[in-house]
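The shown structure was predicted, so the numbers you read here are calculated from the model rather than taken from an experiment. For ligands, and for the atoms within them, numbers begin at 1 and follow the listed sequence.
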Amino acid sequence: MKAIVYHKYGSPNVLKLEEVEKPIPKDNEVLIKVHAASVNSWDWDMLRGTPIFVRLWGLLKPKYKIPGADIAGRVETVGRNVTQFQPGDEVFGDLCECGWGGFAEYVCAGENALTRKPAGMTFEEAAAIPQAAAMALQGLHDRGRIQSGQKVLINGAGGGVGTFAVQIAKSLGAEVTGIDSTKKLDMLRSIGSDHVIDYTQEDFTKIGRRYDLILDVSAHRSIFDYKRVLNPRGIYVMIGGTTARIFQTMFLGPWISMTGNKKMGILGVKPNRDLAVMVELFETGKVVPVIDRRYSLSDVPEALMYLGEGHAQGKIIINTLIS
Ligand SMILES: NC(=O)c1ccc[n+]([C@@H]2O[C@H](COP(=O)([O-])OP(=O)(O)OC[C@H]3O[C@@H](n4cnc5c(N)ncnc54)[C@H](OP(=O)(O)O)[C@@H]3O)[C@@H](O)[C@H]2O)c1
């Protein structure tokens with residue numbers, strides 16, 4: 001089969017389209033013919049081996065040679081202990097806990113990583129959902145304890161996580177402010193942002209507005225700046241950011257949360273836990289994946305470069321049926 005392969009960390013140039021062995025499922029796995037995959041900023045991090053946390057998956061070189069976590073496709077064969085799926089089933093999921101390998105024509109996955117794709121959802125829409133939507137939903141709901149009527153700020157709202165977060169927060173009755181760069185603001189309004197802020201023009205920590213919940217996809221500021229713009233009993237949830245800001249929130253967040261009336265911390269995402277909720281939000285029309293561009297399998301390096309340079313509005317899809 002064809003797959004995108006890399007043997008060392010680096011720029012998208014280290015990714016090559018190669019002919020490799022088609023995988024064989026273990027007893028508890030299914031073999032999936034991948035129809036679509038999506039690109040996440042985690043793929044960008046895993047490609048370059050930075051920030052340092054991603055070296056948990058290979059200190060000096062990548063442990064998994066085929067990248068790609070979010071996939072949607074059709075089950076081709078099943079291992080003897082698989083109970084939930086059979087050949088022909090349409091499935092989707094995040095493979096970050098079962099070996100990655102999504103940027104390929106076929107991949108094996110444990111059945112726990114997979115959810116049945118509803119008929120009304122395309123493979124591209126399904127592939128767009130798993131990782132980004134999980135972070136958005138768990139950040140807002142589990143860590144953020146979002147409530148109807150709250151003022152919610154989403155920093156970095158125009159990317160993969162943010163475009164799900166805006167729609168999920170709106171569906172739960174929040175008043176949403178989305179922050180991103182100039183070219184993404186119209187799209188943010190179109191998916192429901194009540195207010196938008198252009199971070200290249202304005203510093204939201206200095207314009208005198210306060211929020212009940214901040215979901216931060218792109219943390220570049222000191223934790224104390226965020227604390228200042230939280231209302232009393234407000235909650236700040238970091239999804240991602242610079243290494244310095246991640247460390248700061250990791251160490252100071254628990255201390256701030258214990259000593260005052262504001263809660264601040266980092267989400268540790270639990271992959272695939274909420275896909276049934278996402279199916280429901282999709283089927284009721286409350287959340288629709290924002291798909292920016294589509295690339296073929298051989299164009300994965302270009303797709304990652306496009307994401308890494310910060311152009312993506314919502315999600316980028318890899319059509320694995322076209323190499
Ligand atoms: N917590 C966890 O368990 C976990 C697990 C995996 C990954 N992650 C992290 O989760 C994040 C996922 O993000 P994503 O997939 O949504 O990324 P993305 O698609 O790249 O979106 C990030 C958005 O932030 C914007 N941005 C950049 N600089 C900004 C600034 N200074 N202020 C406000 N917005 C800014 C970008 O826009 P422009 O480029 O146009 O500026 C982009 O629209 C990543 O940081 C990843 O490392 C977290």
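Side-chain contact between Phe164 and Met278: present, with at least one pair of heavy atoms (C-beta onward) separated by less than 4.5 Å. Side-chain contact between Asn319 and Ser296 is absent, with no heavy-atom pair separated by less than 4.5 Å.
Residue-to-ligand polar distances keep Asn40 apart from ligand 1: every N/O pair is separated by 3.5 Å or more. Any N or O atom pair closer than 3.5 Å counts here, and Glu309 shares no such pair with ligand 1. Taking any N or O of Val161, backbone or side chain, at least one lies under 3.5 Å from an N or O belonging to ligand 1.
Only side-chain heavy atoms of Asp45 come within less than 4.0 Å of ligand 1; its backbone N, CA, C and O stay farther off. Under 4.0 angstrom from ligand 1, the non-hydrogen atoms of Lys183 all belong to its side chain. If you look at His311 next to ligand 1, there are no close heavy atoms at all, none under 4.0 Å.
In this pair, Trp42 and Trp57 present their aromatic rings perpendicular. The plane angle is above 60°, beyond the 30 to 60° band.
Residues Phe53 and Phe247 bring their aromatic ring centres within 6.0 Å.
For atom 44 (C) of ligand 1, the choice among Ala312, Ser38, Ser41, Gly240 with the nearest heavy atom turns out to be Ser41. The option from Cys96, Gly310, Gly156, Gly159 that lies nearest to atom 18 (P) of ligand 1, judged by heavy atoms, is Gly159.
At distances below 3.5 Å, at least one donor-acceptor pair connects side-chain atoms of Lys184 with backbone N or O atoms of Ala312.
For atom 3 (O) of ligand 1, the closest non-hydrogen atom on the protein side is Val269 N, 2.9 Å.
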Could you check Lys22 against Glu76 for salt bridge (Lys or Arg N to Asp or Glu O under 4.0 Å), going step by step and ending with a plain yes or no?
CA-CA 12 Å; Lys22 187 174 166 183; Glu76 190 156 288; 2.9 Å; yes

